[in-house]
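The model shown is predicted, which means the values in this text are computed figures rather than measured ones. Because only heavy atoms are used, hydrogens play no part in the values below, and waters and symmetry mates are left out as well, while side chains stay in.
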Amino acid sequence: MTCMEQCSDSYGGTMILRLLQEVKEYKKDVFLTPVFMLLEVAMEMIIPLLMASIIDDGVEAGNLRHIFMIGGCMVVCAGIGLFAGIEGGRYGARASTGFARNLRQSMFENIQTFSFANIDKFSQSSLITRLTTDVTNLQNSFQMILRIGTRAPASLIVAMLMSFYISPQLAQIYLWAALILGVVVAFITVRTKKIFEQVFKKYDDLNASVQENVSGIRVVKAFVREDYETQKFHAASNNLYRMFIRAERMLVGMMPIMQGMVYACILLISWFGAKLIVSDHLTTGELMSLLTYCMNILMSLMMLSMIFVMITMSIASAERITEVLSERPTITNPDDPVMEVKDGSVDFSHVDFAYGTHAGGDVLSDIDLHIRSGEMIGIIGSTGSSKTSLVNLISHLYDVKSGSVSVGGIDVKKYDLETLRNEVSVVLQNNVLFSGTIYDNLRWGDKNATDEECRQACKWACADEFIEQFPDGYDTFIEQGGTNVSGGQRQRLCIARALLKKPKVLILDDSTSAVDTTTDAKIRKAFREAIAGTTKIIIAQRVSSVMDADRIIVMDDGKIDGIGTHEELLAANEIYRDVYESQTGAGSGDFDQPGGD
């Protein structure tokens, strides 16, 4: 065995063990399912022997008492087999659905622990496919393995042994049939596995297309791109269809081979069995038993082929699920975490940062910055100047490549993550509202906040102006994603939600971009008066949003190009001066364009 094969076997074993950990409280069901299936098989294997006894010792001998006695035994065996089959199905369903529930729960819980670096490895559509389609595939396979995976091999082995016991000569026909079908199944399984591995990647593409279209449906309609999106979805769906057809063509070819083998075995057994009866080497009842065992053996082989197909489909799903379950967060709590943030001071000490080991280069280079607690800091710069990357390091959403980031005088790596992130509140430009009332959304900031505290936070964020105009006020229901409020209203609700956390550091990442300048000024004024002790870091595209800050940081290509007050930067920083002139003069106001004359 090559090193690659050994590694593959080791990985496969590790994957199975990891998945089996999710059985948890359903171990009893997992144990009882095969027990009942084995009992069902035992009853089925006894019935052909009893049938042979009825024919040979009852019908041919004219013994009516024997026929009734053995017939009664057959009824009892059939009843026990029926009960065992029902119970096996019941426990198997409980085990497989419980297993699937635990898988989804564990995956979801693990995803919640992911750092931004972990999340960057998986697309949203891929995670959705893994939580839904992949888990369903594994659930179906698990149930089939517990039931058919126990029943089919047991039935095959017992029927084969009984056939050899009755007639070793005729039983060889079964043996050769089983070997031929085994080779066919193995060949088809290997060929289809490669196709199914590609299929689930295409599922990701299809889900991504649907998710992108549904979330951006307003843009699609605004630009009249319905036909284009329909064609794009049709192409992704058609690609998936063609791949399934390729796999199904191979699998369909298995059925006529199976059926042909069944009929060939029946003909051969009948032909040679009749000769053995004539020569008194076999009885009529034994021939009937052999034909019954023939059907059991070949049906078991057909069921085993179905299991191989399901396993083939589920291997790719199992690997994708295990990938999520085994993913360890790149950022975790230290052994003895600091549980209190002293103040809102923020210090960057010669920080370099890159997104992952395969990134093209450093996103931030030699950032040396010191912010006093309670300061209002503005950050301005062109698109791609890494403003957001800079503030993401403050709440330890990413790890720095070199240097250190401190909050309250302590390295962020030493804090308890929940403690740090409760004290560093971030409002993104495209922050998300969740389905529920306005009160429900506000209390994401503080689940114990009173109605009065919620209203006060909305007043500071200038959200009370529009909330009070709603017929239901603060009990107004917000649709998923906040689609029934405007962009500016959504941003102000998110600011209010962040204020309810009463953080020591408040970061606004271009989160007033959809708010008019007058409201923007009111919000900044409320920040100065209501949360004077909180460090406020405001990323903005408009100079007017940061010009009254204590200090303004000008970012350019991942570096700090200048720091100072509005007047100092106008006098000494060319980038800031060009942007200011372009926004207040005849220029375009675009950071990525040169300033006006």
Side-chain angles (χ1 to χ4, degrees), residues 343-351 364-383 385-391 393-394 405-409 424 426-427 429 460 495 503-513 515-585 587 589-596:
D343 56 47
S345 61
V346 179
D347 298 285
F348 288 78
S349 299
H350 302 286
V351 168
L364 294 169
S365 301
D366 194 30
I367 302 296
D368 198 60
L369 174 65
H370 305 281
I371 300 171
R372 295 182 295 274
S373 182
E375 267 193 299
M376 180 181 285
I377 300 294
I379 301 179
I380 206 163
S382 62
T383 303
S385 59
S386 302
K387 305 182 294 294
T388 299
S389 298
L390 178 75
V391 297
L393 299 178
I394 297 174
V405 179
S406 299
V407 175
V424 180
V426 183
V427 185
Q429 179 182 7
W460 291 334
I495 291 171
K504 289 188 169 63
V505 179
L506 176 65
I507 300 170
L508 273 66
D509 186 357
D510 207 10
S511 52
T512 56
S513 58
V515 175
D516 62 86
T517 53
T518 302
T519 304
D520 189 12
K522 287 181 181 178
I523 292 172
R524 294 198 310 277
K525 182 174 182 292
F527 285 172
R528 283 195 176 279
E529 295 174 356
I531 53 171
T534 297
T535 303
K536 298 159 284 287
I537 301 174
I538 302 172
I539 296 175
Q541 298 291 333
R542 295 186 301 223
V543 171
S544 60
S545 296
V546 298
M547 60 190 301
D548 61 342
D550 297 321
R551 286 186 293 163
I552 302 168
I553 300 167
V554 180
M555 297 288 296
D556 182 47
D557 194 26
K559 299 180 179 67
I560 294 177
D561 189 77
I563 303 178
T565 62
H566 171 68
E567 290 76 14
E568 290 170 345
L569 291 173
L570 272 181
N573 189 272
E574 183 178 353
I575 294 176
Y576 187 82
R577 184 168 56 250
D578 285 347
V579 172
Y580 175 76
E581 290 174 354
S582 70
Q583 291 186 6
T584 57
D590 190 337
F591 278 103
D592 298 320
Q593 301 294 330

Participant: Run the side chain to side chain donor-acceptor pair (under 3.5 Å) test against K525 and tell me which residues pass, sequence neighbours left out.
Facilitator: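 Partners of K525 under the side chain to side chain donor-acceptor pair (under 3.5 Å) test: E529.
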
Participant: Only pairs at least two apart or in different chains count here, so list each ring pair (Phe, Tyr, Trp, His ring centres under 6.0 Å) that has a residue in residues 528-563.
Facilitator: none

Participant: For I495 and L508, which heavy atoms make the closest approach, and how far apart are they?
Facilitator: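 Smallest heavy-atom distance, with atoms named: CD1-CD2, 4.1 Å.
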
Participant: Give me each pair satisfying ring pair (Phe, Tyr, Trp, His ring centres under 6.0 Å) with a member in residues 535-567, each pair once, sequence neighbours excluded.
Facilitator: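 Non-adjacent pairs meeting ring pair (Phe, Tyr, Trp, His ring centres under 6.0 Å): H566-Y576, H566-Y580.
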
Participant: Could I get the full list of side-chain contact (heavy atoms from CB on, under 4.5 Å) partners for T519, not counting sequence neighbours?
Facilitator: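 With neighbours one apart ignored, the set is C462, R492, V515, D516, I523.
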
Participant: Give the minimum heavy-atom separation between D347 and I371, together with the two atoms involved.
Facilitator: OD1-N, 4.4 Å

Participant: Are D520 and R542 ion-paired here, with the side-chain N under 4.0 Å from a carboxylate O?
Facilitator: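 Yes, this pair counts.
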
Participant: Using every non-hydrogen atom in the two residues, find where L569 and G562 come nearest and quote the distance to one decimal.
Facilitator: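 Between these two residues, the closest heavy atoms are CD2-C, 4.1 Å.
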
Participant: I need the minimum non-hydrogen distance between G344 and S373, along with the two atoms involved.
Facilitator: N-OG, 3.1 Å

Participant: Minimum heavy-atom separation for R551 and H370, please, with both atom names.
Facilitator: NH2-O, 2.6 Å

Participant: Between Q583 and Q541, is the side chain to side chain contact (heavy atoms under 4.5 Å, CB included) condition met? List the steps.
Facilitator: CA-CA 10 Å; Q583 291 186 6; Q541 298 291 333; 5.5 Å; no

Participant: Who are the salt bridge (charged side-chain N to carboxylate O under 4.0 Å, His left out) partners of K536, not counting sequence neighbours?
Facilitator: none

Participant: Taking all atoms of both residues into account, what is the closest heavy-atom pair of L390 and M555, and its distance?
Facilitator: CD2-SD, 4.3 Å

Participant: D366: which residues meet the side chain to side chain donor-acceptor pair (under 3.5 Å) condition with it, sequence neighbours left out?
Facilitator: H350

